[in-house]
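Every chain is numbered from 1 and lettered A, B, ... according to where its sequence line falls, protein lines coming before strand lines.
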Protein chains: 2
Amino acid sequence: MDTTSRGAYTIGECARRSGFTMDTLRYYERIGLIGDIARTTTGQRRFNDEHLEWLGVLKCLRDTGMPVEQMHRFATLVKDGDHTIAERIALLEAHKTAVDARMADLVAKRDYLLGKIDYYRSVAP
Amino acid sequence: MDTTSRGAYTIGECARRSGFTMDTLRYYERIGLIGDIARTTTGQRRFNDEHLEWLGVLKCLRDTGMPVEQMHRFATLVKDGDHTIAERIALLEAHKTAVDARMADLVAKRDYLLGKIDYYRSVAP
DNA sequence: CTAGGACCTGGAGTGCACTCCAGTGCAAAC
DNA sequence: GTTTGCACTGGAGTGCACTCCAGGTCCTAG
């Protein structure tokens with residue numbers, strides 16, 4: 001019952017596919033956001049499709065403004081197994097709430113911006 | 001033909017009203033984002049309603065992710081008078097475009113998040 | 001076989017946008 | 001008129017999230 005982790009990507013390939021830089025990938029590994037990266041006998045990393053999937057999650061969290069520390073907490077929950085699912089939901093929900101608030105604020109600010117632009121247009125030479 | 005700049009707020013009052021910290025206000029003055037702040041004979045700043053309005057603009061730009069350098073450019077345009085209006089419009093439009101892109105991305109990422117939450121709910125104990 | 005490129009590590013450095021501090025001076029309330 | 005608090009300056013420090021570097025190894029195309 002192997003979860004068939006197909007694909008064996010060098011860090012460069014993984015960077016291109018995930019949208020992170022190689023440096024960021026190494027950094028994320030160092031701080032514990034990515035675990036269990038295989039190595040060749042000579043020490044090179046080999047990422048697989050599971051990593052790419054996980055990186056997709058991380059990218060989503062990061063790009064929606066989650067601080068690295070919270071991502072780390074989430075990573076820990078995932079690593080700790082199924083009994084943490086309720087907590088994972090709670091974390092993601094809290095984050096979703098934050099994202100919603102951020103979006104609402106953005107909408108309001110964008111309207112303000114539009115008003116400003118319209119004003120300038122109305123007085124433009 | 002005085003533009004009736006009513007109100008005379010200490011930096012503390014201005015901070016409370018604008019949502020910036022006192023330090024940030026001083027910082028913004030230093031780097032040229034806020035100009036013409038009156039001083040009492042003893043050197044204390046006295047902000048007025050025009051400043052508050054301008055700070056509202058800055059807050060909008062900042063909170064929508066405009067880098068300080070661009071805000072500075074905008075401030076310069078405003079200071080340079082009416083013949084810069086076209087350029088101001090261009091700057092704000094470009095920023096609006098960036099905000100729109102950011103919002104679209106946020107919507108997509110939020111959906112992904114929702115999917116993740118739903119998935120966890122579906123496998124929750 | 002060799003030249004060029006990809007990858008390795010640990011640690012130092014970067015950029016942004018503040019934020020804090022020491023030491024000092026004014027203000028406002030009692 | 002003194003205590004408590006707000007404000008001043010210049011400059012140093014912070015926090016976050018990377019990003020870069022030196023000095024080395026490895027891999028692969030020709």
Side-chain angles (χ1 to χ4, degrees), chain A residues 7-48 51-52 54-55 57-75 95 98 102 105 109, chain B residues 7-48 51-52 54-55 57-75 95 98 102 105 109:
Chain A
Y9 313 110
T10 64
I11 193 169
E13 182 68 13
C14 184
R16 262 182 304 104
R17 289 187 190 235
S18 69
F20 291 109
T21 66
M22 294 192 300
D23 270 322
T24 300
L25 290 174
R26 285 192 275 253
Y27 166 65
Y28 278 3
E29 184 194 18
R30 258 212 308 274
I31 65 175
L33 282 187
I34 316 171
D36 303 317
I37 304 172
R39 300 289 187 130
T40 65
T41 50
T42 58
Q44 293 196 3
R45 292 170 184 81
R46 286 298 178 264
F47 294 83
N48 61 37
H51 289 124
L52 281 179
W54 174 239
L55 287 169
V57 176
L58 289 184
K59 195 148 210 323
C60 170
L61 296 179
R62 185 193 72 166
D63 289 355
T64 49
M66 182 181 284
V68 162
E69 187 173 331
Q70 238 175 101
M71 290 200 277
H72 189 261
R73 216 174 104 57
F74 186 67
H95 182 56
R102 170 120 200 70
D105 189 58
K109 298 268 160 68
Chain B
Y9 313 109
T10 64
I11 193 168
E13 182 69 11
C14 184
R16 262 182 304 102
R17 289 185 189 238
S18 68
F20 291 109
T21 67
M22 294 192 299
D23 270 321
T24 299
L25 290 174
R26 285 191 275 253
Y27 166 66
Y28 277 6
E29 184 194 17
R30 260 212 307 273
I31 65 175
L33 281 188
I34 317 171
D36 304 316
I37 304 171
R39 299 288 186 130
T40 64
T41 50
T42 59
Q44 291 196 6
R45 291 171 184 81
R46 286 297 178 263
F47 293 83
N48 61 37
H51 290 123
L52 282 179
W54 174 240
L55 287 170
V57 176
L58 289 184
K59 194 148 211 321
C60 171
L61 297 179
R62 185 193 70 166
D63 289 357
T64 48
M66 182 182 284
V68 162
E69 187 172 332
Q70 238 176 102
M71 291 199 276
H72 189 262
R73 214 172 107 57
F74 186 66
H95 183 55
R102 170 120 199 69
D105 189 57
K109 298 267 160 70

List the residues meeting side-chain hydrogen bond (donor to acceptor under 3.5 Å, both in side chains) with Asp63(B), not counting sequence neighbours, and say none if there are none. Lys109(A), Lys59(B)

Looking at side-chain heavy atoms only, is the closest gap between Arg73(A) and Glu69(A) below 4.5 Å? no

May I ask you to evaluate whether Tyr28(B) reaches the phosphate of dC18(C), defined as a side-chain N or O under 4.0 Å from OP1 or OP2? yes

OP1 or OP2 of dA7(D) under 4.0 Å from side-chain N/O of Arg45(B): no

Considering residues at least two apart in sequence or located in another chain, which fulfil the side chain to side chain contact (heavy atoms under 4.5 Å, CB included) criterion with Thr41(B)? none

Rounded to whole Å, the CE-P distance (Met22(B) to dC8(D)) equals 8 Å

For the pair made of CZ in Arg16(B) and C1' in dG5(D), what is the distance, rounded to whole Å? 14 Å

Results of side chain to side chain contact (heavy atoms under 4.5 Å, CB included) for Met66(B) - residues two or more places apart only: Leu61(B), Gln70(B), Met71(B), Leu91(B), His95(B)

Send over the distance from Tyr27(A) OH to dA17(D) P, rounded to a whole Å. 7 Å

Using whole Å, report how far CD1 of Ile11(B) lies from P of dC18(C). 14 Å

At a cut-off of 3.5 Å, list every protein nitrogen or oxygen paired with a nitrogen or oxygen from nucleotides 10-16 of chain C, distance to 0.1 Å.
none

Which residues pass the salt bridge (Lys or Arg N to Asp or Glu O under 4.0 Å) test with Arg46(B), sequence neighbours left out? none

Check the distance between dA7(D)'s P and Arg26(B)'s CZ and give it to me in whole angstrom. 8 Å

Glu13(B): what forms a side chain to side chain contact (heavy atoms under 4.5 Å, CB included) with it, not counting sequence neighbours? Tyr9(B), Thr10(B), Arg16(B), Arg17(B)

For the residue pair Leu25(A) and Leu55(A), establish whether any side-chain heavy-atom pair is separated by less than 4.5 Å. yes

Rounded to whole Å, CD of Gln70(B) lies from C1' of dA17(C) at a distance of 15 Å

Pairs involving residues 30-42 of chain A, ordered by first then second residue, that meet salt bridge (Lys or Arg N to Asp or Glu O under 4.0 Å) (sequence neighbours left out): Glu29(A)-Arg39(A)

Provide a list of protein-nucleic acid N or O atom pairs under 3.5 angstrom, restricted to nucleotides 23-30 of chain D.
from: dC27(D); atom 1: OP1; to: Thr42(A); atom 2: OG1; distance (Å): 3.1

What residues, two or more places apart in sequence or in another chain, satisfy ring pair (Phe, Tyr, Trp, His ring centres under 6.0 Å) together with Phe20(B)? Tyr28(B)

Round to the nearest Å and state the distance from Met71(A) atom CE to dC18(D) atom C1'. 11 Å

